[in-house]
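Quick caveat: nothing in here was measured; it's all calculated off a predicted structure. All values below were derived from every heavy atom in this structure, side-chain atoms included, with hydrogens, water molecules and symmetry-related copies excluded. Note that ligands are numbered from 1 as they come in the structure, with each ligand's atoms numbered from 1 the same way.
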Amino acid sequence: MFKRILVANRGEIALRVIRACREMGIETVAIFSEADRGAQYLELADEAYCVGPARSADSYLKIDRVISAAEIGNVQAIHPGYGFLSENAHFNEVCRSCNIDFIGPSPEAMRRLGDKNEARGLAREAQVPTVPGSEGLIADERQAVSVAHEIGFPVLIKASAGGGGRGMRVALNDLALKSAVQQAQAEAEAAFGDASIYLEKYIEHPRHIEVQIIADHHGNAVHLWERDCTMQRRHQKVIEESPGAHLDAQVRKNICESAVRLIKTAGYTNAGTVEFIVDRRGNFYFIEVNARIQVEHPVTEMVTGIDLIKAQLRVAAGEPLPWRQDEIAVSGVALECRINAEDPARNFQPSPGKIERLIVPGGFGVRFDSHAHMGYTVSPNYDSMIGKLIVHQPTRADAIRSMQRALSELRIEGIKTTVPRLLDILSHSAFVDGQVDTTFIERTWPVGG
Ligand code: MV4
């Protein structure tokens, strides 16, 4: 096992990784920007180095500075967390060339799956259902129209280098499609430095189901069942749960087994997530792979009893997976609410500032993963998530009640948070009945969603 690793992240995920390392007897080196000086996770790490000014682009995203901290800190491996450099295949390669283990997939697997068009090809090869659409990339308007006539409108143009909803465009007819193709290519070139686009049938009112997988370096791969992340606003997840409510048992098994086939075909190692959209009839389609630990990993941890960060560290150190697929069972239901420093009354405008008072809920089956504390100042430089409230209960109804109780105990004063909107969702009959799709929030609270 590693003796010492660098945590190339900040906030709650840095804290989460440092805590797992402490329990495993692994020393940690933390990094911070000038805006994060004095943060709690830095005290819990064994060492900490400043990597630059507040702006992410000048600190957490600066590969040379992060690698310098790793060299000075004399670490064997880097845990990238989520966001920042976590899915940067170049950074992953630099780690390899510096003889530092990257706690995640190989640069090759990361690059293959990071290209959404290539990932689609791998899915077809693995006999995983993909959305009807173009065979490969779309070169021009003429080809786009021809594919659209085969599959039927509406169609969705996606950027191959995009993901997470970035660079997508719906077209309802020939004329709209023709003008959208060139715009989409130009936008993709500007945003990702890669103009590649492909076409899919637009699946209306889908549910978002994602499968947690983990693979070792000995050819073993398992899934840890699914999460339902349908409750989103503008591609930002709001509430996540596991298992998926009302997911047919056979569909569920098929989706999870598809995810494992795909990552085996891709030669993927470590933890990852395979995203699917599921239509009203239970048809499911592969969308993309997230080659990192995700924000919502705790709901899977609660229902499976498996610590995913520890599993990542063990796999990266070369240990074989300690469980067979039939040993991974789901018990009860877990819900996660993301607590953001945003004002629901002002179109979710960020609400940075000092937390004057904080009371954290507790009790049976309640977990609060957060780097926030009384006196902590939420910086405007980073994403607005200040914590994740997770509950685990025997049934979904119990979990909802528990989450309502825990949220009502949570007191955060000095800044605005999304807690009131979370309570609105939890008491909405469509959520309680599990009858929502990805457009629920925007439809239910139309003024800015
Ligand atoms: C889609 C889709 C409908 N049809 N693809 C958005 C995020 C990215 N991972 C894929 N996304 C979608 N892809 C086809 N062919 C609808 C979405 C989508 C969505 C998916 C999951 C969760 C929320 C969403 C919100 C809007 C659109």
the protein heavy atom lying closest to atom 10 (C) of ligand 1 turns out to be Ile287 CG2, 3.5 Å

Residue and atom name of the nearest protein heavy atom (relative to atom 23 (C) of ligand 1), distance in Å to one decimal:
Thr438 CG2, 3.1 Å

Quick one: look up the protein heavy atom nearest atom 20 (C) of ligand 1 and list residue, atom name and how far away it is.
Ile277 CG2, 4.0 Å

Indicate yes or no: does an N/O atom of Glu275 lie under 3.5 Å from an N/O atom of ligand 1?
yes

Please check if the number of heavy atoms outside Arg405 that lie under 6.0 Å from its CZ is greater than 12.
yes

N-O pairing of Arg421 and Glu342 below 4.0 Å:
no

Mode of Ile203 contact toward ligand 1 - side chain, backbone, both, neither (heavy atoms, under 4.0 Å):
both

Looking at Lys253 and Glu257, is any side-chain nitrogen of the basic one under 4.0 Å from a carboxylate oxygen of the acidic one?
yes

Which heavy atom of the protein is the closest neighbour of atom 26 (C) of ligand 1, given with residue, atom name and distance?
His235 CE1, 3.4 Å

Met168 heavy atom under 4.0 Å from ligand 1:
yes

Tyr202 neighbourhood, listing ligand 1 atoms whose heavy-atom distance to it stays under 4.0 Å
3 (C), 4 (N)

If the contact criterion is a heavy-atom separation under 4.0 Å, does Lys158 count as touching ligand 1?
yes

Salt-bridge test for Arg96 and Glu108: reply yes if a basic N is under 4.0 Å from a carboxylate O, no otherwise.
yes

Any chance CD of Glu409 has more than 12 other-residue heavy atoms, nucleotides or ligands included, within less than 6.0 Å?
yes

At less than 4.0 angstrom from any non-hydrogen atom of Val131, what atoms of ligand 1 do you find?
15 (N)

As an exercise, identify every atom of ligand 1 less than 4.0 angstrom from a heavy atom of Glu200.
5 (N), 14 (C), 15 (N)

Return the residue, atom name and 0.1 Å-rounded distance of the protein heavy atom closest to atom 7 (C) of ligand 1.
Gly165 N, 3.3 Å

Quick note on ligand 1: atoms under 4.0 Å from a heavy atom of Gln232 include exactly 22 (C), 23 (C)

Just checking His297 against Tyr82, ring centres under 6.0 Å apart?
no

Run the numbers for me: atoms of ligand 1, each under 4.0 Å from some heavy atom of Glu288, listed by number.
8 (C), 9 (N)

Just verifying a value: how many Å separate Arg65 CZ and Asp58 CG, rounded to the nearest 0.5 Å?
7.0 Å

Does NZ or CZ of Arg292 fall inside the cone over Phe102's six-membered ring, less than 6.0 Å from its centre and within 45° of the axis?
no

Element-labelled atoms of ligand 1 that are located less than 4.0 Å from some non-hydrogen atom of His208
21 (C), 22 (C)

Has the side chain of Asp424 got a donor or acceptor atom that lies under 3.5 Å from a matching backbone atom of Ser427?
no

Please list, in number order, the atoms of ligand 1 under 4.0 Å from a heavy atom of Lys201.
4 (N), 14 (C), 15 (N)

Check Arg227 with Glu210, please: is the shortest side-chain N to carboxylate O separation under 4.0 Å?
yes

